[in-house]
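Labels below follow one simple rule: chain letters A, B, ... track the order of the sequence lines, proteins then strands, and each chain is numbered from 1. Just so we're clear, the structure is a prediction, and the values are computed from it rather than from any experiment.
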There are 2 protein chains.
Amino acid sequence: MHFAEIIKTLKERREVLNVTQENLAELSGVGLRTLKQLEGGKGNPTLLTLQKLAEVLGMEVCLKIRTITSDK
Amino acid sequence: MHFAEIIKTLKERREVLNVTQENLAELSGVGLRTLKQLEGGKGNPTLLTLQKLAEVLGMEVCLKIRTITSDK
DNA sequence: TAAAAAAGAGCTGTATAATGCACTTTGCAG
DNA sequence: CTGCAAAGTGCATTATACAGCTCTTTTTTA
């Protein structure tokens, strides 16, 4: 996943779960300002921030080996 | 994957590929110092840094929905 | 369509990620 | 052993992620 896609995925997931930015910020421990900036496409979150958000959204950050064939 | 596991995976992957920290730093555009610290377990890399490293190592950072059952 | 809620933006301070340089330690080959 | 290459550490600087506060804009909903 490229950069923007990861951010977009987080945002979409939050929306699907019907959680407000404010709630997610509180639940995850990430500052509201930080979350807003992220979703606005400005920023370069740290792994810790990503994980805090993903955790609450029932997601997980992972690293996988890229395959030659598109595994779509 | 939890935090340390991601870092460990990167390091192991680098070793499997027989790439030195120096090479990886150059190839990825990440500073050598940064890479050393990361692998040493100190730090909290940004998504951009992670992706630059993963890219060179033939890996990819992804976000996936956590399933209830262990999908091990 | 007005009120309320959510999202986004400016301003700003603090913490720390990223980086280079020089030096030490470790691991391996000769 | 000895020497070289790779890995790890201390120090210092710069850039920027994180954060809160306040205000504006957009979206929802009553």
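- Rounding to whole angstrom units, CG of residue A/L32 and C1' of D/dA17 are separated by 15 Å.
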Checking salt bridge (Lys or Arg N to Asp or Glu O under 4.0 Å) for the pair A/E39/A/K8: CA distance, chi angles, key distance, verdict? CA-CA 7 Å; A/E39 288 196 355; A/K8 183 160 147 272; over 6 Å; no
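- One can place CG of B/N18 at 12 Å from C1' of D/dA6, the figure rounded to the nearest angstrom.
- Remark: B/T49 is in phosphate contact with C/dA18, judged by side-chain N or O atoms under 4.0 Å from OP1 or OP2.
- Closest approach to the B/N44 side chain among C/dA17, D/dC18, D/dA17 is made by C/dA17 (side chain taken as heavy atoms from C-beta onward).
- Closest to the B/T20 side chain, of the nucleotides C/dG8, D/dG10, D/dA6, is D/dA6.
- Computed from coordinates, the B/L38 CG to C/dA17 P distance equals 9 Å when rounded to whole Å.
- Rounded to whole Å, atom P of C/dT19 lies 14 Å from atom CD of B/Q21.
- For B/R33, taking side-chain heavy atoms from C-beta onward, the closest of the listed nucleotides D/dT9, D/dA7, C/dC11 is D/dT9.
- In this structure, the side chain of B/N44 does not engage the main chain of A/T46 through any donor-acceptor pair within 3.5 Å.
- Listed pair B/K11 / D/dG8 meets the phosphate criterion, a side-chain N or O lying under 4.0 Å from OP1 or OP2.
- B/L24 has its CG atom 14 Å from the P atom of C/dA18, to the nearest Å.
- Rounded to an integer number of Å, the gap from CG of A/L48 to P of C/dA15 is 17 Å.
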List the steps, then state whether side chain to side chain contact (heavy atoms under 4.5 Å, CB included) holds for B/E55 with B/E60. CA-CA 6 Å; B/E55 171 75 14; B/E60 147 177 61; over 6 Å; no
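- Nucleotide C/dA6 holds its P atom 13 Å from the CD atom of A/E15, rounded to whole Å.
- Note on B/T46: a side-chain N or O is less than 4.0 Å away from OP1 or OP2 of C/dA18.
- For A/K36 and B/K42, each mapped to the nucleotide of DNA chain D holding its nearest heavy atom, the one lying further toward the 5' end belongs to B/K42.
- The CD-P distance, from B/E22 to C/dT19, rounds to 15 Å in whole Å.
- A close approach under 4.0 Å does not occur between any side-chain nitrogen or oxygen of A/Q37 and OP1 or OP2 of D/dA17.
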Report the C-alpha distance between B/L47 and A/L47 in whole Å, list the side-chain angles of each, state the deciding distance to 0.1 Å, and finish with yes or no for side chain to side chain contact (heavy atoms under 4.5 Å, CB included). CA-CA 6 Å; B/L47 178 53; A/L47 178 53; over 6 Å; no
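- Side chain of A/P45, nearest nucleotide from D/dC18, D/dC21, C/dA17: D/dC18.
- At the heavy-atom level, A/T34 lies under 4.0 Å from base atoms of the strands shown.
- Here B/G29 lies in heavy-atom contact (under 4.0 Å) with sugar-phosphate atoms only.
- Atom CD of A/E22 has 12 or fewer heavy atoms from other residues, nucleotides or ligands within 6.0 Å.
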